[in-house]
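Beneath this line is the structure, given in structure tokens, with notes to follow.
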Amino acid sequence: MDQRSSNLLDEALGLDCQTDRWALAGRVVAIEDSVETSGSFILHQLVKRALAPNSSTVVLFIAFAQPFSHYDRILRKLGCNLAAQRVNNRFFFFDKLTLQCPDVDERNSPVSGLVALYGEIQETIYGLPEVSRKNVTIIIDDLSIVEVAANGSSDYVLDFLHYCHTLTSEFDCTLITLNHEDIYSSTEKPAFLLQTEYLADILIKAEPLATGLATDVHGQLTVLNKGFNHGQMNSRNKIRNFHFRVKENMVEYFYPGSRN
Amino acid sequence: MAESVCRTLRDGGLEGEHAPALTIKDSIASPFGFDVFCHVLTQLSSFILAGKSQSRGLVLVAFCRSPSFYADLLKSKGIDVNSSNKWVRILDCYTDPLGWKFRLMGVGNLRDLSCEASSTGILCKDVKDTNKLYSSIIELGKGLVAEAKSRFSVAIDSVDQMLRHASMSSVAGLFSNLRSHDLHEVRVTASLEYMSSMVASVEPLQQLTNGQRDDSDKASLTEQNLKKGKFHVRFKRRNGRVRVMLEEFHIEQSGISFKSASSEEVTNQGLLPKVQFSLQLSEKEQIDRSNVVLPFEHQGNGKPIQIYDGRNSLMEGKHETTSVSAGNSETNEGSGGGEIIYYRDSDDEMPDSDEDPDDDLDI
């Protein structure tokens, strides 16, 4: 990956600075999208960024939505070989497409459901060499399907997210989640969505344009960087809004009206 | 004013009365309740450490952040953490609130690599049991204060998390809450507010209205709401009176700072839309307007304006007319004698009021 290509999304996330440390360490990133504007391209971009040759980040990808082949195909077009990274122990894929959680009574049982999944994640991190343990990114795709697997119990999913959050403080992991805003738009008080928004340090919303569909512009991204008492983040409490266009091998980001 | 909140907590309560309780609430539009909580926590900690507070110690019930986060926070604010085990205890409800890690270790699925030194606290493995939580808090507090009559403060960093795991009725009875009010029903937040002697709300400076604004407006408003907001506190005094105060807060790198609200922001909440030009009349403009005589309100002959009060007979009116027309015929020879006689029927009606003039018709 060439050094020069830092785009608007990288800037908004603080990934454009050339530091040894992954800028998102210890932070929670929540991505919200909708049917009109899918946000999965952001996940692909972040995976590509994390697995860049000059970075030592390890990615734990918890997949509820698609099988490995899907991501492999897409990342290959973006110039990243997931199969090779898997062999090198830089990319761990947790195929949870068929996960079924137990009933309420046995929810806290350690041998099944989300508790067992958490156990797997933590075991994987513990199994990494010391130097890699502080450079882990956990990606969950996507939360609405986790809720389905949990038989609709958002509390159970929030408990699972809480435990993943403890990993961010214990190991400085990055936690990236994807959820669909429009699923909850019909409920009066979308408590589950709000809870994930409260939990997140960085909120990325992929929305359609206010003016409707367009061929040149596929949507707009709003990146809200809440930051925290880290002190060194210059981008604390900043909002950035820009447009994007998803192409075959890349994504273009540009400010509204600046496209020639 | 945030200082007066901290001072009230520092001063504590009198013998025989409930200690002051502070509830901090926020919402997603201005999610800075936790920053306010940290500010109050560090202030109270420095009071306790300096011996200025009625409380001799602090029990921190941590749901949202790890104990090490709070240790770092206090250190960054210059509070001596080395002596912390003498005045602070942390009930760790963050690391393993439901006992998952404990159970995974039991099954052999998890190695126990992390062992946080627990000289300053207890690890709670079952937050659903509020009785156990309560007794843990009391146990920790008693461990801090030597004498039976001494008091200690309790800080809970998120009542939301407690309410997720336990029922509303079981959560009631604990002090110093922090919560987000848009996650819960009104009655839940209302009952917690009722129990608190101080309620602090963190609100955005300007509310976003749906639909009307375009994206750039919304983004700039949201950004403004992220940098500052309104801090609104309601104090319930001992004498029963309620005092309401308002301040502005700013979020900075080092934390949160408070300053008195600019009166312009507070009073300018009218119904007028925010546009570039002024829609209201100044004093001078209002006086000038009242001095304007409308064209049909005078006879053009210097006579005072007559207001028709419904009692004058038509004869008088006619008499006026003839004399006027007689008077005018000398001056307006070519006018043909046509006149418009207008008597305003009420003086206190604004000349161009919005009232529908056909209102009195019975259609």
Side-chain angles (χ1 to χ4, degrees), chain A residues 26 107-111 113-116 118-120 122-123 125-127 133 154-156 158-160 162-163 165-171 189-195 197-200 203 207 209-211 220 222 224-234 236-241 256, chain B residues 26-28 31-35 38 63-66 68-69 72-73 76 94-111 113-114 116 126 158 160-161 164-165 180 182-185 214-216 218-228 251-256:
Chain A
R107 210 191 271 177
N108 287 331
S109 155
V111 297
L114 294 176
V115 184
Y118 171 75
E120 279 180 56
Q122 191 156 9
E123 193 65 23
I125 297 177
Y126 284 173
R133 232 179 260 158
S154 52
D155 261 346
Y156 190 35
L158 286 169
D159 293 340
F160 172 69
H162 175 87
Y163 273 90
H165 191 272
T166 63
L167 292 172
T168 64
S169 51
E170 197 182 332
F171 294 109
K189 272 208 170 170
F192 180 55
L193 200 67
L194 279 178
Q195 289 273 14
E197 285 183 14
Y198 273 113
L199 198 65
L203 184 59
E207 290 164 312
L209 293 178
T211 43
Q220 55 176 325
T222 309
L224 163 50
N225 197 332
K226 279 192 263 172
F228 202 61
N229 295 333
H230 288 311
Q232 68 268 39
M233 297 299 294
N234 290 332
R236 187 168 185 199
N237 291 331
K238 274 196 94 139
I239 273 205
R240 287 169 209 255
N241 178 267
Chain B
D26 66 359
S27 65
I28 202 72
F32 301 112
F34 191 73
D35 295 78
C38 290
F63 278 93
C64 292
R65 294 284 184 273
S66 64
S68 52
F69 168 84
D72 291 341
L73 173 73
S76 69
Y94 168 83
T95 307
D96 196 10
L98 299 169
W100 287 14
K101 291 184 189 177
F102 180 69
R103 289 195 197 108
L104 285 164
M105 258 164 47
V107 177
N109 287 357
L110 213 60
R111 282 166 275 167
L113 271 185
S114 65
E116 253 187 67
D126 185 11
S158 178
D160 294 304
Q161 300 299 320
R164 272 208 318 111
H165 298 296
S180 302
D182 51 5
L183 288 176
H184 302 289
E185 290 171 28
D214 68 70
D215 289 333
S216 58
K218 195 168 152 184
S220 68
L221 256 186
T222 315
E223 177 147 6
Q224 198 190 67
N225 282 343
L226 288 176
K227 294 207 164 80
K228 48 186 171 169
I251 301 292
E252 284 142 15
Q253 293 286 19
S254 53
I256 191 171

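Per chain, numbering begins at 1; letters A, B, ... match sequence-line order.
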Rounding to 0.5 Å, atoms CD (Gln161(B)) and CG (Leu158(A)) come to a distance of 8.0 Å
Self-check item: Parallel, tilted or perpendicular, as decided by the 30° and 60° cut-offs, for the rings of Trp100(B) and Tyr156(A)
Solution: perpendicular
Here the gap from Glu170(A) atom CD to Thr95(B) atom OG1, rounded to the nearest 0.5 Å, amounts to 8.0 Å
CG of Leu203(A) to CD1 of Ile28(B), rounded to nearest 0.5 Å, is 7.5 Å
In this structure, OH of Tyr118(A) is separated from CG of Leu98(B) (nearest 0.5 Å) by 11.5 Å
| query | Does Tyr198(A) reach the side chain of Asp26(B), with side-chain heavy atoms less than 4.5 Å apart? | reply | yes
For Leu193(A), the side chain to side chain contact (heavy atoms under 4.5 Å, CB included) test, sequence neighbours excluded, returns Glu32(A), Asn179(A), Glu181(A), Tyr184(A), Pro190(A), Thr196(A), Glu197(A)
Highest number of heavy-atom pairs under 4.5 Å with chain A among Pro97(B), Pro31(B), Cys64(B) belongs to Pro97(B)
Closest non-hydrogen atoms of Thr166(A) and Lys101(B), given as atom of the first, atom of the second and distance, are OG1-NZ, 3.4 Å
Quick one: are His165(B) and Asp159(A) in side-chain contact, heavy atoms under 4.5 Å?
yes
Note: Ser169(A) and Tyr94(B) closest approach over all heavy atoms is OG-OH, 2.7 Å
Value for NE2 (His162(A)) from CZ (Phe63(B)), rounded to nearest 0.5 Å, stands at 9.0 Å
Residues passing the side chain to side chain donor-acceptor pair (under 3.5 Å) test with Asp72(B), sequence neighbours excluded, are none
